[in-house]
Every structure is written in structure tokens, then in C-alpha cells.
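Just so it is clear: chains get the letters A, B, ... in the order the sequence lines come, proteins before strands, and each one is counted from 1.
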Amino acid sequence: MIRVDMPELPEVQTVVDGIQEVVGLKILGVHTHCLKLRQPIQTDLSDRLEGSVIQMVFRRAKYIVVKTNCDVLIHLGMTGKLLIKDHTYQRVKHDHMEIHLSNGKKLVYHDPRRFGMVSWHSNYQDYLAHYGVEPLSDAFSSDYLYQHCRDRRTTIKALIMDQRCVVGVGNIYACEALFLAGISPLKQAKVINKNECLKLVAMIKKVLNQAISEGGTTLKDYRTANNSLGYFQQSLNVYGLEGKGCQACGSSIQNVKITGRSTFYCEHCQS
DNA sequence: CCTGTGCCCTGACAGC
DNA sequence: TGCTGTCAGGGCACAG
């Protein structure tokens with residue numbers, strides 16, 4: 001078992017659950033320190049947010065949605081963190097934005113690799129209009145996935161990572177779910193049968209739900225120790241385990257590239 | 001429309 | 001020891 005700490009859907013959900021205390025607070029001001037994220041932080045972000053009240057914080061795909069008088073979308077990218085700090089907190093390297101709140105605390109956006117994003121929209125749904133169903137919703141069913149697989153020559157792994165089909169399934173959980181479903185990541189989507197769709201959908205929901213429940217516990221510990229929020233760590237079966245023995249059969253875990261992403265699987269258990 | 005490739009960015013790590 | 005090269009990957013632009 002190895003541990004990783006990239007913010008996939010469960011990590012984003014855990015962060016959202018952990019910052020509910022900001023709901024109802026007034027935004028006194030916003031300071032941005034680096035405009036060059038995945039897309040530039042809008043220069044009028046502060047003007048837009050100052051004086052407004054945070055009405056709701058929730059997750060859509062891997063975005064954190066902060067509803068005020070407009071919608072603020074926050075994406076953590078690879079290395080992003082959203083931290084609650086008190087008024088004595090001093091900014092450190094890679095803190096790109098601070099939102100000053102009416103209870104004296106600050107919501108701090110920290111992202112060394114700057115793959116993340118912060119932006120305001122009048123309606124967040126317009127920005128995410130091309131996004132598919134939530135993986136943990138009833139809309140993501142085996143029938144839904146099966147229909148999306150029709151006539152698709154791409155691999156099943158690329159398909160479940162395509163946000164137009166289903167959102168929030170990143171590289172790690174795609175690998176893990178395919179392992180648990182016994183399906184090769186290299187298999188063409190169009191030859192996946194209904195029973196395989198049933199298993200795969202169930203396993204995607206399982207790994208995500210499991211990670212969310214584990215994350216809640218880890219986050220609580222993390223907060224106690226550091227008085228701050230961050231994403232957590234997840235135990236894995238195949239991801240990052242190239243050359244190691246498969247837990248189920250002992251065969252060596254393979255690593256192949258699929259659409260540029262490292263893809264870990266067991267040739268014996270997945271076909 | 002469908003599919004694959006490359007880019008953005010910094011830090012961790014391997015190899016010399 | 002310090003340098004260089006490689007890799008990590010979500011989302012999107014772009015090419016074929």
C-alpha cells in the first residue's frame with residue numbers, strides 16, 4: 001500500500017464538508033497575490049465579493065462552489081488547498097488568495113503548482129454546462145454508462161475520465177475502480193457489456209464513497225493537529241504499484257500510458 | 001463529431 | 001554536492 005494526497009472528488013468533498021462554518025459569514029475583503037493560475041484570477045474578484053454574504057458552499061464535479069451574490073468556483077488542481085486560518089496567520093509562499101471573513105478568520109487558497117483555478121460567475125452552471133452526471137448520483141447508472149459506451153472506440157478508462165460522461169473520476173480512482181470491477185483499462189468502450197457496466201458503476205461509487213468516509217476521519221485528525229483544513233491520504237490497490245504483486249493473484253502490476261496518463265492494472269485479474 | 005497530443009506549473013526524486 | 005532530466009495530472013486548446 002502506498003499513500004497519495006492529490007485532491008480528487010473525495011478530497012474536494014471533504015474540504016467542502018470541512019468549511020461549512022463559513023456559511024452565513026460576510027466577506028470583508030479579498031486579497032489576490034498571484035493572477036497566473038490555470039486561468040488568471042479576475043482582477044475584479046475583490047470588488048465582486050466584498051460586502052457579500054456566503055450563502056452556501058457545495059461541490060460540483062471537482063469544483064468547490066461558493067455562493068454569494070455571485071458564484072465563486074474554486075478548483076484545487078493537483079496541489080491546491082483551501083485553508084481556514086485565524087487573523088494572526090501570516091501568508092506563506094504559494095498562498096494566492098485570502099478571503100477575509102466577518103468572524104476574523106481567513107479562507108486561504110494555497111496552490112504550489114498553480115493547476116487550480118478561482119473565478120467568479122453570475123451562474124456557475126453556465127461554466128460547467130458541458131459536464132456530465134455526478135458519479136454518486138442515481139443518474140450515473142449502469143444503463144447510463146452502457147449508453148455512453150455505444151460506438152465509442154476509445155478505452156473504457158478514457159471514457160470514465162471524460163467529464164462529459166461522468167465528472168470527478170480522476171486517474172487514481174479510475175484505476176482503482178477498474179481493478180475492483182475486473183475490467184482492463186485498455187478495453188474498448190464499445191465492447192463493454194451491460195454486466196461489466198453494472199460492476200464498474202458500482203465500483204466507482206464504492207471507491208469514491210469509501211474515500212469520502214475515510215477522509216472525514218483523517219480530516220478531523222488533521223484539523224486537531226494543525227488547526228487547519230487540507231486534503232487527506234488514501235490507501236490504494238494498484239495505483240502507483242508498478243512491479244509490485246497484485247493483492248489478489250500475486251501477478252506483477254503493470255503501468256501503461258492511456259491518453260498520456262499512467263495507468264496501473266493487473267493483467268491477470270483485469271480483462 | 002471523435003480521438004489523441006501537448007501544454008500549463010512546481011516540487012520530488014533519480015542518476016550522474 | 002549540485003546539477004539535469006523526468007514525472008506527476010485536470011482541464012482545455014488544438015490537430016488530424
I want to check one thing: is the phosphate of [N], taken as OP1 and OP2, less than 4.0 Å away from some side-chain N or O of [X]?
X        : N      : result
A:Tyr127 : C:dC12 : yes
A:Thr154 : B:dG4  : yes
A:His75  : C:dG11 : yes

Rounded distance (Å) that lies between atom [atom2] of [N] and atom [atom1] of [X]:
X        : N      : atom1 : atom2 : answer
A:Leu186 : B:dG4  : CG    : P     : 11 Å
A:Met117 : B:dC9  : CE    : P     : 16 Å
A:Arg153 : B:dG4  : CZ    : P     : 7 Å
A:Ile156 : B:dT3  : CD1   : P     : 12 Å
A:Lys190 : B:dC2  : NZ    : P     : 13 Å
A:Lys257 : C:dC7  : NZ    : P     : 6 Å
A:Tyr131 : C:dG11 : OH    : P     : 4 Å
A:Glu8   : C:dG10 : CD    : C1'   : 9 Å

**Asked** What does B:dC2 pair with, Watson-Crick or G-U, if both distances are under 3.5 Å?
**Response**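 Its partner is C:dG16 (Watson-Crick or G-U wobble, both distances under 3.5 Å).
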**Message:** Tell me whether the NZ or CZ atom of A:Arg150 lies within the 45° cone about the ring axis of A:Tyr146 and under 6.0 Å from its centre.
**Reply:**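 Geometry flag: set, cation within 6.0 Å and 45°.
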**Prompt:** For the base of C:dG11, is there a side-chain donor-acceptor partner from A:Arg164 under 3.5 Å away?
**Reply:**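 Looking at the base of C:dG11, it does not pair with any donor or acceptor on the side chain of A:Arg164 (distance under 3.5 Å).
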**Message:** Suppose we call a contact any N or O donor and acceptor under 3.5 Å apart; does that hold for the side chain of A:Arg113 and the base of C:dA8?
**Reply:**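 In this structure, the two groups form a donor-acceptor pair.
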**Contact check, side chains of A:Ile160 and A:Leu145, non-hydrogen atoms, under 4.5 Å** =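 Side-chain contact under 4.5 Å: yes.
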**Asked** If you find the nucleotide of DNA chain B closest to A:Asp151 and the one closest to A:Arg114, which residue's nucleotide is nearer the 5' end?
**Response**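 Of the two residues, A:Asp151 wins.
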**Item:** Pairwise 5' ranking along DNA chain B for A:Arg261 and A:Arg152, keeping only the more 5' one
**Value:**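 By nearest-heavy-atom nucleotide position, the 5'-most residue is A:Arg152.
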Kindly point out which of [options] is positioned nearest to the side chain of [X]?
X        : options               : result
A:Arg38  : B:dT10, C:dC12, B:dG4 : C:dC12
A:Tyr63  : B:dG4, C:dG11, B:dG11 : C:dG11
A:Ser262 : B:dT10, C:dA8, B:dG4  : C:dA8
A:His94  : B:dT5, C:dG10, B:dG11 : B:dG11
A:His130 : C:dC12, C:dG10, B:dG4 : C:dC12

**Item:** ILVMFWY cluster, A:Val65 and A:Ile41 together (side-chain gap under 4.5 Å)
**Value:**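 No, because A:Val65 and A:Ile41 fall into different hydrophobic clusters, even though each may have its own neighbours under 4.5 Å.
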**Prompt:** Can you check side chain to side chain donor-acceptor pair (under 3.5 Å) on A:Arg59 and A:Gln13, steps first, answer last?
**Reply:** CA-CA 6 Å; A:Arg59 179 190 61 75; A:Gln13 184 64 53; 2.7 Å; yes
**Message:** I want to know whether A:Phe58 and A:Tyr63 have ring centres closer than 6.0 Å.
**Reply:**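 That pair fails the under 6.0 Å test.
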**Prompt:** In terms of the nearest nucleotide of DNA chain C, which residue is placed more toward the 5' end: A:Phe264 or A:Gln163?
**Reply:**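 The 5'-side residue here is A:Phe264.
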**Prompt:** Only one of A:Ile204, A:Val169, A:Leu208, A:Leu236 forms a side chain to side chain contact (heavy atoms under 4.5 Å, CB included) with A:Glu176, so which one is it?
**Reply:**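 Testing A:Glu176 for a side chain to side chain contact (heavy atoms under 4.5 Å, CB included) against A:Ile204, A:Val169, A:Leu208, A:Leu236 leaves exactly one candidate, A:Leu236.
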